[in-house]
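Read through the structure below, which is laid out as structure tokens, and then see the notes.
Lettering follows sequence order; numbering is per chain, from 1.
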2 protein chains.
Amino acid sequence: MQTLSFTEENYMKIIYRASKLSSPGKTKEVTTNEIAELTDTKPASVSDMLKKLAAKGLINYVKYQGVTLTTDGEAKALLVIRKHRLWEVFLVDKLNFSWDEVHDIAEQLEHVQSDELVRRLDQFLGFPEYDPHGDPIPNEKGEMNSKKKVYLINMKIGDKCDVVGVKDTSPLFLKYLDKIGLTIGAYIEITDKIEFDQSLEIKVNNGRTIIISKEIANNIYTLD
Amino acid sequence: MQTLSFTEENYMKIIYRASKLSSPGKTKEVTTNEIAELTDTKPASVSDMLKKLAAKGLINYVKYQGVTLTTDGEAKALLVIRKHRLWEVFLVDKLNFSWDEVHDIAEQLEHVQSDELVRRLDQFLGFPEYDPHGDPIPNEKGEMNSKKKVYLINMKIGDKCDVVGVKDTSPLFLKYLDKIGLTIGAYIEITDKIEFDQSLEIKVNNGRTIIISKEIANNIYTLD
DNA sequence: GCAAATATTTTAGTTATACTAAAATTTGTA
DNA sequence: TACAAATTTTAGTATAACTAAAATATTTGC
Ligand SMILES: [Mn+2]
Ligand SMILES: [Mn+2]
Ligand SMILES: [Mn+2]
Ligand SMILES: [Mn+2]
């Protein structure tokens, strides 16, 4: 049971995410430049790392063609994601952090190595299925829920739906959502779409009506 | 607020511990060879690291004379120890690990950087004063209890006392203590000392009488 | 179908951390 | 004061992660 460095684990997470982008079910080949962008490094560094990860059997790497995760690699990526999200639940549910404060701490905690710890943490938290940002938590087998969530920007006038997740998880964005009441579980109705700037007028929890920009609406996931 | 590498933090812990050895209140100069022994490295490596730690203002380093911690250095060491022990309490009290399973996981968790996390964890645990092995937990200011505990080996026939801590925290030793009932809080009475091998005959919790070797008795702290 | 543009890999090197053997130095002690 | 022990310095290793520039492969536009 090889153990990966922090950096290697972060590459795995990023490759996983990029490979699932756009088509939710399907898996896409991930390119070197894409990874370089996401890891904030240069393509040369990525090539280096891809060789390492391929040698460890974590990715299928055909030079110049991009990479996909192996079964082993996907399990590794899902485990890191599982740990990240479980720790986020712990921080919010047990230590009363707010949802905009937990990401950076979880970035550290996700690298702690102990299967037993993850198992017991999961149990302690009551086997949660979603993290504080609405992202599904893989179970021990790597399985997780996949609600077919829709960006708020794509809703039509008159539609009603629940806020079930966010794309951006930066404190700045999350704090703003707190302020306007658009947190996970909020029930909203689209009352108007302003053509000029594609902003939305929505009614939150059958109460206050607010206007949100397309940038905001493009970072909120809804269901129904 | 400089942040230290895992290795640097581990050196700080070890220097702290070695500097408090023998005389509980007093602080002793710690030598290069001593540190090399404790870190399982060579003196040359230690000299290297001491230069680094001195440059960061964490130790008072006079070449050939050994080192002491600066105020800053002691605070850093105490924070790592605080985090280690708080996490051990978390693992035992909240996740139901047994006291022999938590040290290695705490060795990882102690390096997670977030003052707020430590504060909230401490509160979540109810501001515990001792870890599962009976070691005192420094508070936010670095203050901790110092009971004048005594090795069980030094008790006399007829003495009665509580088990309040262990020196060795290896799973092998702790599992054995579990087996014979000599866990933290056990109330014991020394009923005989065997001259031949310095083993002790003791009565545990006013019940069963058992014999323990001097090696065992030399790793158990008692009070009263 | 081919040239140019773009993407990727290789090469050769950097920086940082941590460690070590052997040589040089300092210190304590006999 | 000489010698042994402790310590530091020197010079070097290993590994991880990264990069600029050159080389190579692939894709795209015409
Ligand atoms: Mn996160
Ligand atoms: Mn999250
Ligand atoms: Mn411990
Ligand atoms: Mn402990």
Side-chain angles (χ1 to χ4, degrees), chain A residues 2-15 18-19 21-22 28-69 73 76-77 80 107-108 110-113, chain B residues 2-15 18-19 21-22 28-69 73 76-77 80 107-108 110-113:
Chain A
Q2 69 195 323
T3 125
L4 307 183
S5 71
F6 280 31
T7 310
E8 288 170 327
E9 288 198 335
N10 288 334
Y11 267 87
M12 292 307 292
K13 258 198 323 187
I14 276 172
I15 295 171
S19 78
L21 269 199
S22 62
K28 187 194 68 151
E29 299 253 312
V30 184
T31 66
T32 300
N33 271 2
E34 218 176 334
I35 299 171
E37 186 91 357
L38 292 167
T39 51
D40 199 29
T41 60
K42 296 286 154 12
S45 315
V46 175
S47 280
D48 235 35
M49 180 58 90
L50 293 184
K51 251 184 281 176
K52 255 177 54 181
L53 295 177
K56 294 189 177 189
L58 301 173
I59 59 175
N60 304 115
Y61 178 34
V62 181
K63 277 179 199 172
Y64 295 99
Q65 300 299 122
V67 299
T68 56
L69 295 177
K76 280 271 193 318
V80 179
E107 282 295 314
Q108 299 181 63
E110 73 188 8
H111 301 295
V112 172
Q113 303 290 336
Chain B
Q2 69 196 319
T3 123
L4 306 182
S5 71
F6 281 30
T7 310
E8 288 170 329
E9 288 198 337
N10 288 334
Y11 267 88
M12 292 306 293
K13 260 198 322 187
I14 275 172
I15 295 171
S19 78
L21 269 198
S22 62
K28 188 193 69 149
E29 299 252 315
V30 185
T31 67
T32 300
N33 270 1
E34 219 176 332
I35 299 171
E37 187 92 357
L38 293 167
T39 51
D40 199 30
T41 60
K42 298 285 155 11
S45 313
V46 175
S47 281
D48 235 36
M49 180 59 88
L50 294 183
K51 248 183 284 176
K52 254 177 55 179
L53 296 177
K56 294 190 177 189
L58 301 174
I59 58 175
N60 304 115
Y61 179 33
V62 181
K63 279 180 197 172
Y64 296 99
Q65 301 298 120
V67 298
T68 56
L69 296 177
K76 280 271 193 318
V80 180
E107 282 296 315
Q108 299 181 64
E110 74 188 7
H111 301 294
V112 172
Q113 304 289 338

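Judged as a side chain to side chain contact (heavy atoms under 4.5 Å, CB included), and not counting sequence neighbours, the contacts of A:Asn60 are A:Thr68, A:Thr70. With sequence neighbours left out, the salt bridge (charged side-chain N to carboxylate O under 4.0 Å, His left out) criterion links B:Lys56 to B:Glu8.
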Exercise for the section: Output, in order, the C-alpha distance, side-chain angles, deciding distance and verdict of side chain to side chain contact (heavy atoms under 4.5 Å, CB included) for A:Leu53 and A:Tyr11. Expected result: CA-CA 9 Å; A:Leu53 295 177; A:Tyr11 267 87; 4.0 Å; yes
Practice task
May I have the step-by-step check of side chain to side chain contact (heavy atoms under 4.5 Å, CB included) for A:Glu37 and A:Val46, ending in yes or no?
Solution key: CA-CA 10 Å; A:Glu37 186 91 357; A:Val46 175; over 6 Å; no
Exercise for the section: Verify side chain to side chain contact (heavy atoms under 4.5 Å, CB included) between B:Val80 and B:Asn10, making sure each step is shown before the conclusion. Expected result: CA-CA 8 Å; B:Val80 180; B:Asn10 288 334; 5.5 Å; no
Practice task
Dump the intermediate steps for side chain to side chain donor-acceptor pair (under 3.5 Å) on B:Gln113 and B:Glu9, then the final yes or no.
Solution key: CA-CA 11 Å; B:Gln113 304 289 338; B:Glu9 288 198 337; 3.0 Å; yes
Practice task
Please test A:Val67 against A:Thr31 for side chain to side chain contact (heavy atoms under 4.5 Å, CB included), starting from the C-alpha separation and ending with a verdict.
Solution key: CA-CA 7 Å; A:Val67 299; A:Thr31 66; over 6 Å; no
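If you check every strand for non-hydrogen atoms under 4.0 Å, B:Thr32 touches sugar and phosphate atoms only.
Considering all non-hydrogen atoms of both residues, B:Pro43 and B:Ala36 come closest at N-CB, 3.7 Å. In plain terms, the two heavy atoms of B:Leu69 and B:Ala77 that are nearest each other are CD1-CB, 4.2 Å.
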Within the sub-3.5 Å range, which N or O atoms of nucleotides 1-5 of chain D have a protein N or O partner, and how far apart are they?
none

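Listed for the A:Thr39 side chain is a donor-acceptor partner under 3.5 Å among the backbone atoms of A:Ile35.
Counting heavy atoms of neighbouring residues, nucleotides and ligands inside a 6.0 Å radius, atom CD of A:Glu29 exceeds 12 of them.
Between its opening and closing five pairs, the helix from C:dG1-D:dC30 to C:dA30-D:dT1 changes axis direction by 0°, a value rounded to 10 degrees.
Taking the six-membered ring for Trp and thresholds of 30 and 60 degrees, A:His111 and A:Phe6 have nearly parallel ring planes, at less than 30 degrees apart.
The CD1-P distance, from A:Ile35 to D:dT19, rounds to 14 Å in whole Å.
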Fill in the blank from the handout: Contact string for nucleotides 12-18 of chain D, one letter per nucleotide 5' to 3', B = base within protein heavy-atom range under 4.0 Å, S = sugar-phosphate only, - = neither, reads -----SB
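A nucleotide of DNA chain C counts as in contact with chain A when one of its atoms lies under 4.0 Å from a heavy atom; the first and last such, 5' to 3', are C:dA7 to C:dT10.
Partner of A:Thr7 under the side-chain contact (heavy atoms from CB on, under 4.5 Å) criterion, chosen from A:Met49, A:Met12, A:Lys52: A:Met49.
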